[in-house]
Amino acid sequence: MIRVRRSFLFLVVTFLATYSLRGQSTTPAATQALPAQTFAIGAGAVQIDLKNYFTLPNVTGQVAQIDTVRGKFNVELLANDAPLTVANFLKYANRGAYANALFHRSVPGFVIQGGGFALVGNQITAIAADAPVNNEFKIPNTRGTLAMAKTAAGPNTATNQWFVNLADNRSNLDNQNGGFTVFARVLGTGMTVPDNIASLPVFDASTALNDATFNQLPLTTNTLNAQTLILINSVKVIPVYPAAAGDTAVLTFSVINPSPTIVTATVSASTLTLTPGTGGNATLTVRATDVNGNFAESTLAITNNGSVPAPSFITQPVAQTVASGSTVVFNASALNLPTYQWRRNGVEVEGATAANLVIPAATAAHAGTYTVVATNGTGSVTSNAAALAVSAATPTEIGRLVNLSIRTGAGAGAKILTVGASVGPLSSTESLPLIMRGVGPRLAAFGISDALADPTMTIFRSGSDTSIASNDNWGSGDATALAAAFLSVGAFDLTAGSLDSAYATPAPGFGVGGYTVQIAGKGTTTGTVLAEIYDAAGSTRTATTPRLVNLSTRAQIDANGELLVGFVLRGVPTKPLARTVLIRAVGPSLAALGVDGTMADPKLELFDNDHGSAKLGENDNWGGDAQTATVASAVGAFALSGPATKDAVLLVTLPPGAYSARLSGVGGGGGTAIIEVYEVP
């Protein structure tokens with residue numbers, strides 16, 4: 001049974017006929033023709049900023065989207081005419097007060113009204129009202145405008161309730177109670193949604209709800225329950241153009257491409273990317289569409305003057321020296337849509353037809369010289385030769401992960417930075433000493449001006465909500481011992497008495513399993529923070545000695561932001577054996593794990609910090625590579641949601657050294673994402 005608490009009285013008025021505020025169109029329009037594109041043989045991709053070619057005419061104010069159970073419509077906020085009222089409306093909208101609000105009053109041919117009540121569970125509850133806003137009547141109450149509801153007590157009594165004018169209501173609403181303040185207008189053909197709501201049956205629910213407020217309640221049927229109420233899902237400010245992939249905006253862009261072999265056309269946010277394929281001519285249609293299906297379109301002529309050129313390598317395989325029994329990966333990639341065939345000592349390797357060659361459990365029998373031939377319809381090219389040496393090695397000589405560092409923005413709530421570490425192998429019965437740090441104030445010495453002022457650190461076992469350790473200010477413990485521990489692992493020192501956080505596991509350390517470190521800003525502070533995890537065991541290794549087998553971090557990344565993760569592989573200098581690692585930048589597949597607001601299209605780049613930050617490789621979409629999926633399963637990584645997901649993955653063999661991986665959103669998109677680094681045996 002629906003119940004109601006508290007009521008809000010408003011002035012009941014009569015109504016008249018139809019009139020329209022501002023006769024100009026506010027549906028999408030093309031501002032100029034898209035420029036024809038001519039591609040020469042071997043040309044690269046071209047990007048076109050669609051904001052320069054499409055517009056929403058006659059709209060200069062902020063736009064808010066009202067999402068209802070009967071559809072969505074956009075409104076322009078008229079802050080120049082009613083600044084206090086717009087600010088008042090946004091105050092409620094931005095804090096989510098209108099989420100699950102209902103249209104509690106419908107007078108067909110006059111108004112529909114909402115904003116005063118919300119459905120909470122199975123109860124209609126009055127939305128908390130702030131202080132009334134001063135009346136700012138200026139714009140007439142014509143069809144398609146939004147105005148504030150008031151009580152009969154006087155002009156300055158509007159709080160949270162508002163209504164949509166379904167008709168020209170100037171003759172009474174403009175001439176009583178100081179005039180009703182219009183603060184927004186519906187855009188495009190968005191009035192189809194309020195009109196649809198007004199067409200629903202109206203019921204006198206005042207007796208059922210014991211409140212006279214609900215004597216004109218619109219419902220989808222004659223039964224009063226949560227499913228028949230007309231609810232507002234959300235009210236939020238949106239941009240006219242999407243700034244990042246996945247953004248909600250007034251305009252969304254799409255492209256119709258009848259000739260994908262001649263040119264590949266993709267749209268991300270407001271950017272159209274054209275990549276030439278085979279020779280020929282094509283005509284593309286680019287469309288800008290609003291939430292109610294109105295659209296403007298423009299055609300784009302494409303001339304591609306040649307066939308696909310012969311392949312050319314952009315990533316060459318490099319020589320590797322690995323311990324016997326290790327996984328080794330040769331990486332290569334070539335432009336111009338080739339197929340691949342790997343060769344060992346000039347002989348084709350059966351089944352080795354992917355861009356990368358993965359050799360699990362390498363032995364002396366795998367040693368030799370490897371090349372890959374890239375072929376398309378125009379020709380073939382052979383890569384540089386790369387030698388594989390397989391060495392017998394003791395556990396003390398095999399490279400391993402010893403450090404992970406993450407620099408990104410962090411704070412409270414959704415901005416808490418989460419770092420994970422797994423100690424393995426599971427067969428080990430020993431423990432691993434670790435050092436963990438959350439560095440904020442000390443970063444100022446490195447030229448970072450927006451450092452997190454007071455980071456706090458909390459440590460958990462994976463799967464548990466109970467903390468096992470925490471630290472606020474690193475000097476609150478044994479600062480002398482901590483400073484010595486920093487020195488032992490090569491970490492830079494922290495200033496005495498600073499508000500940076502740090503923790504060293506007491507002897508003998510943490511046992512095998514997963515651990516999570518959360519770095520947050522004290523209170524509501526935000527800023528740049530450096531999170532670090534160090535293997536503090538030293539170089540002595542045995543067959544059963546535990547080590548870091550997986551390091552990861554999860555963060556909410558702002559639009560046009562990035563997540564930079566550094567990691568170190570340590571080995572014996574006199575016998576530098578390489579270690580294969582699996583690096584993943586996961587966004588879309590997190591949604592299947594119940595994570596909201598994931599990054600739609602992460603890109604992953606890998607750099608060699610010991611050699612001038614040389615770029616070693618990158619991946620945008622992982623493409624469902626079977627070899628990579630097999631390795632991921634073997635190291636215990638969760639499965640990605642499918643071969644078509646836009647998660648990014650690199651599988652690479654690296655000699656001991658310092659490396660960094662950078663995660664960013666394609667097209668500047670933000671959202672929640674993780675970077676993972678796995679040791680591959």
Side-chain angles (χ1 to χ4, degrees), residues 402-421 433-460 467-506 515-536 551-558 560-568 609 613 658 660-664 670 672-675:
V402 297
N403 166 239
L404 177 77
S405 61
I406 306 99
R407 193 185 80 186
T408 190
K415 295 295 289 182
I416 291 175
L417 175 63
T418 302
V419 183
L434 297 173
I435 296 171
M436 306 171 184
R437 309 203 306 179
V439 183
R442 182 71 170 87
L443 297 180
F446 301 99
I448 297 175
S449 59
D450 65 340
L452 186 61
D454 191 358
T456 64
M457 174 190 297
T458 310
I459 304 165
F460 305 84
S467 65
I468 57 175
S470 63
N471 180 257
D472 185 359
N473 304 324
W474 77 280
S476 60
D478 188 342
T480 301
L482 275 176
F486 301 160
L487 182 63
S488 71
V489 296
F492 61 82
D493 65 299
L494 298 180
T495 305
S498 75
L499 300 183
D500 303 293
S501 295
Y503 175 79
T505 58
Y515 300 89
T516 300
V517 183
Q518 291 186 346
I519 309 293
K522 182 173 287 187
T524 60
T525 59
T526 60
T528 298
V529 69
L530 179 70
E532 301 174 300
I533 298 178
Y534 292 91
D535 175 343
L551 297 166
S552 63
T553 184
R554 168 180 160 179
Q556 184 185 62
I557 303 166
D558 296 331
N560 299 308
E562 62 182 29
L563 181 61
L564 190 65
V565 174
F567 62 95
V568 176
N609 295 351
S613 295
S660 60
R662 180 168 64 201
L663 184 158
S664 58
T672 298
I674 62 173
I675 287 186

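Count residues from 1 along the sequence. The model shown is predicted, which means the values in this text are computed figures rather than measured ones.
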Does [X] reach the side chain of [Y], with side-chain heavy atoms less than 4.5 Å apart?
X	Y	answer
I459	Y503	yes
L443	L530	yes
Q518	M457	no
T418	T516	yes

Next item on the list: Can you run down the side chain to side chain donor-acceptor pair (under 3.5 Å) pairs that involve residues 479-494, sequence neighbours left out, and say none if there aren't any?
Entry: R442-D493
Note to self: Give me each pair satisfying side chain to side chain donor-acceptor pair (under 3.5 Å) with a member in residues 521-530, each pair once, sequence neighbours excluded.
What the structure shows: D450-T528, D454-K522, D472-K522
Heavy atoms only: give me the nearest [X]-[Y] pair and the separation to one decimal.
X	Y	result
A453	P441	O-CG, 3.1 Å
A502	N471	N-OD1, 3.0 Å
A421	I533	CB-CD1, 3.9 Å
R407	L563	O-CD1, 4.4 Å
A412	G523	CB-O, 3.5 Å

With sequence neighbours left out, write down each residue that passes ring-ring contact (aromatic ring centres under 6.0 Å, His included) with [X], or none if nothing qualifies.
X	result
Y515	F510
Y534	none
F486	W474

When you measure from the side chain of [X] to the backbone of [Y], do you find a donor-acceptor pair of N or O atoms at a distance under 3.5 Å?
X	Y	answer
D500	G440	yes
S501	P455	yes
N473	S476	no
S405	E532	no
T505	L434	yes

Next item on the list: Walk me through it: do L494 and R437 pass the test side-chain contact (heavy atoms from CB on, under 4.5 Å)?
Entry: CA-CA 10 Å; L494 298 180; R437 309 203 306 179; 3.6 Å; yes
When rounded to the nearest 0.5 angstrom, what is the spacing between [atom1] in [X] and [atom2] in [Y]?
X	Y	atom1	atom2	value
R662	S660	CZ	OG	8.0 Å
L663	T553	CG	OG1	10.0 Å
I416	T456	CD1	OG1	7.5 Å
L551	L404	CG	CG	4.5 Å

Next item on the list: For the pair L417 and V529, evaluate side-chain contact (heavy atoms from CB on, under 4.5 Å) and give the outcome as yes or no after the intermediate values.
Entry: CA-CA 9 Å; L417 175 63; V529 69; 3.9 Å; yes
Note to self: Quick one, I557 with T672, criterion side-chain contact (heavy atoms from CB on, under 4.5 Å). Give me CA distance, side-chain angles, the key distance, then yes/no.
What the structure shows: CA-CA 6 Å; I557 303 166; T672 298; over 6 Å; no
Item checked: side-chain contact (heavy atoms from CB on, under 4.5 Å) between I406 and V419, intermediate numbers included -> CA-CA 8 Å; I406 306 99; V419 183; 3.7 Å; yes
Notebook entry, point to check: Taking only residues two or more places apart in sequence, or in another chain, which ones meet N560 in a side-chain hydrogen bond (donor to acceptor under 3.5 Å, both in side chains)?
Noted result: none
